[in-house]
Chemist: 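Have a look at this one.
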Amino acid sequence: MRAPVTRLGRRFFARDALDVAPDLINKVLVVGASSGRIVEVEAYRSDDPASHTFRGMTSRNATMFGPAGHLYVYFTYGMHHCANISTGATGDGQGVLLRAIVALTGLDALRARRPGRPDRQLADGPGKLCQAFGLDRRHDGLDVTTDPVVRVVDDGAVPASRVTTRIGIRLGTDRPWRWLAEPTA
DNA sequence: ATTGGGATCGTCT
DNA sequence: GACGATCCCAATA
């Protein structure tokens with residue numbers, strides 16, 4: 001008998017990003033028929049010079065300041081999208097960046113969006129996972145706790161994680177706000 | 001296995 | 001007008 005698969009609700013996300021981030025490790029992101037296990041995340045908060053919300057709300061980052069559990073998808077480097085899930089109280093400007101996902105189902109769609117890549121490398125980076133799952137600015141603001149196509153579920157996997165400092169940023173590099181799933185034996 | 005440079009454009013200064 | 005929460009390929013070892 002297997003553990004029940006339950007969707008993560010508002011309560012899960014309406015906590016501090018530093019608490020939500022480690023709990024997201026080993027949860028499953030579902031986008032339509034495709035899904036994958038979240039194996040790397042980073043937390044970003046408004047008291048954090050590396051965060052998009054550090055200088056206050058703008059039209060781009062508004063979702064981060066909205067209610068918890070909404071997708072914040074932004075475009076960067078002229079060619080990549082990155083996806084976050086807003087956390088904390090409304091008005092707070094914080095969230096968790098999804099950095100890497102291991103594909104589980106709907107592999108055909110994922111492979112089609114990342115041709116020529118081995119399955120391991122379908123979503124092993126923040127830009128890559130958006131490409132694989134087809135996430136872009138149109139998905140910005142979607143409520144992951146109620147949306148029919150995008151959701152995050154708990155399938156009972158143990159959230160064993162390891163912490164490090166964040167990468168790919170210039171400021172705030174000292175904060176140990178990056179979590180990775182322990183490599184499974 | 002690791003390193004370094006180039007691509008490309010929306011957003012904010 | 002500059003830059004970025006990045007990715008990919010080519011070149012080295």
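Just so it is clear, the model here is predicted, and its values are computed rather than measured. By convention in this document, chain letters (A, B, ...) are assigned in the order of the sequence lines, proteins followed by strands, and residues within each chain are numbered from 1. All values below were derived from every heavy atom in this structure, side-chain atoms included, with hydrogens, water molecules and symmetry-related copies excluded.
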Chemist: Ile101(A) CD1 to dT6(C) P: how many Å, rounded?
Modeler: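 Roughly 16 Å, once rounded to whole Å.
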
Chemist: Any stacking of Tyr44(A) on dA5(C), going by centres under 5.5 angstrom and planes within less than 30 degrees?
Modeler: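 Ring-base stacking flag set for Tyr44(A) and dA5(C).
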
Chemist: Should the side chain of Tyr74(A) and the base of dA5(C) be counted as holding a donor-acceptor pair, with the cut-off at 3.5 Å?
Modeler: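 Result: at least one qualifying N/O pair found.
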
Chemist: Whole-Å distance between dT6(C) P and Asp124(A) CG?
Modeler: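 My rounded result for the distance is 13 Å.
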
Chemist: Are any of the side-chain nitrogens in Lys27(A) or Asp155(A) under 4.0 Å away from the carboxylate oxygens of its partner?
Modeler: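 No, Lys27(A) and Asp155(A) are not salt-bridged.
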
Chemist: On DNA chain B, nearest-nucleotide positions of Arg137(A) versus Met79(A): which is more 5'?
Modeler: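 Of the two residues, Met79(A) wins.
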
Chemist: I need the NE2-P distance between His81(A) and dT11(B), as an integer number of Å.
Modeler: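 Roughly 10 Å, once rounded to whole Å.
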
Chemist: Over all strands shown, is Arg99(A) touching base, sugar-phosphate only, or nothing at heavy-atom distances under 4.0 angstrom?
Modeler: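 The residue Arg99(A) makes sugar-phosphate contact but no base contact.
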
Chemist: It should be established whether Arg45(A) places a side-chain nitrogen or oxygen under 4.0 Å from OP1 or OP2 of nucleotide dA5(C).
Modeler: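 No, no such contact exists.
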
Chemist: Any salt bridge linking Asp154(A) with Arg7(A)? Criterion: basic side-chain nitrogen under 4.0 Å from a carboxylate oxygen.
Modeler: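 Arg7(A) and Asp154(A): not salt-bridged.
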
Chemist: Go through dG4(C), dT6(C), dC8(C) for me and flag the one nearest to the Arg170(A) side chain.
Modeler: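 For the Arg170(A) side chain, the nearest candidate turns out to be dG4(C).
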
Chemist: Please report the distance, rounded to the nearest Å, between CZ in Phe75(A) and P in dC3(C).
Modeler: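 Atom-to-atom, Phe75(A) to dC3(C), this comes out as 18 Å.
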
Chemist: Find the partner of dT8(B): check Watson-Crick (N1-N3 plus N6-O4 or O6-N4) and G-U wobble (N1-O2, O6-N3) distances, both under 3.5 Å, and reply none if neither fits.
Modeler: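 Pairing partner: none.
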
Chemist: Hey, is the main chain of Val30(A) close enough, under 3.5 Å, to the side chain of Ser35(A) for a donor-acceptor pair?
Modeler: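 It does not hold such a pair.
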
Chemist: Are the aromatic ring centres of His80(A) and Phe75(A) under 6.0 angstrom apart?
Modeler: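 For His80(A) and Phe75(A), the ring centres are not under 6.0 Å apart.
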
Chemist: Classify Ile169(A) by what it touches in the nucleic acid, base, sugar-phosphate, or nothing, heavy-atom distance under 4.0 Å.
Modeler: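 The residue Ile169(A) makes sugar-phosphate contact but no base contact.
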
Chemist: Whole-Å distance between dC9(B) P and Arg60(A) CZ?
Modeler: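 It is 16 Å, rounded to the nearest whole Å.
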
Chemist: Could you tell me which nucleotide pairs with dA5(C) by Watson-Crick or G-U wobble geometry, both distances under 3.5 Å, or answer none if nothing does?
Modeler: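 Because no pair has both required distances under 3.5 Å, dA5(C) counts as unpaired.
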
Chemist: Whole angstrom is fine here: how far is it from CZ in Arg166(A) over to C1' in dT6(C)?
Modeler: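 Nearest whole value for this atom pair: 16 Å.
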
Chemist: Using 4.0 Å as the upper bound for N to carboxylate O, is an ion pair formed by Asp124(A) and Arg117(A)?
Modeler: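 No.
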
Chemist: Which whole-number value in Å describes the distance from His80(A) NE2 to dC3(C) P?
Modeler: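 Going from His80(A) (NE2) to dC3(C) (P), I get 18 Å.
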
Chemist: Would you mind reading off the distance between Tyr77(A) atom OH and dC12(B) atom P, rounded to a whole angstrom?
Modeler: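 Distance check: Tyr77(A) OH to dC12(B) P gives 16 Å.
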
Chemist: Pick base, sugar-phosphate or nothing for Arg117(A), based on heavy-atom distances below 4.0 Å to the nucleic acid.
Modeler: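 It contacts sugar-phosphate atoms only.
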
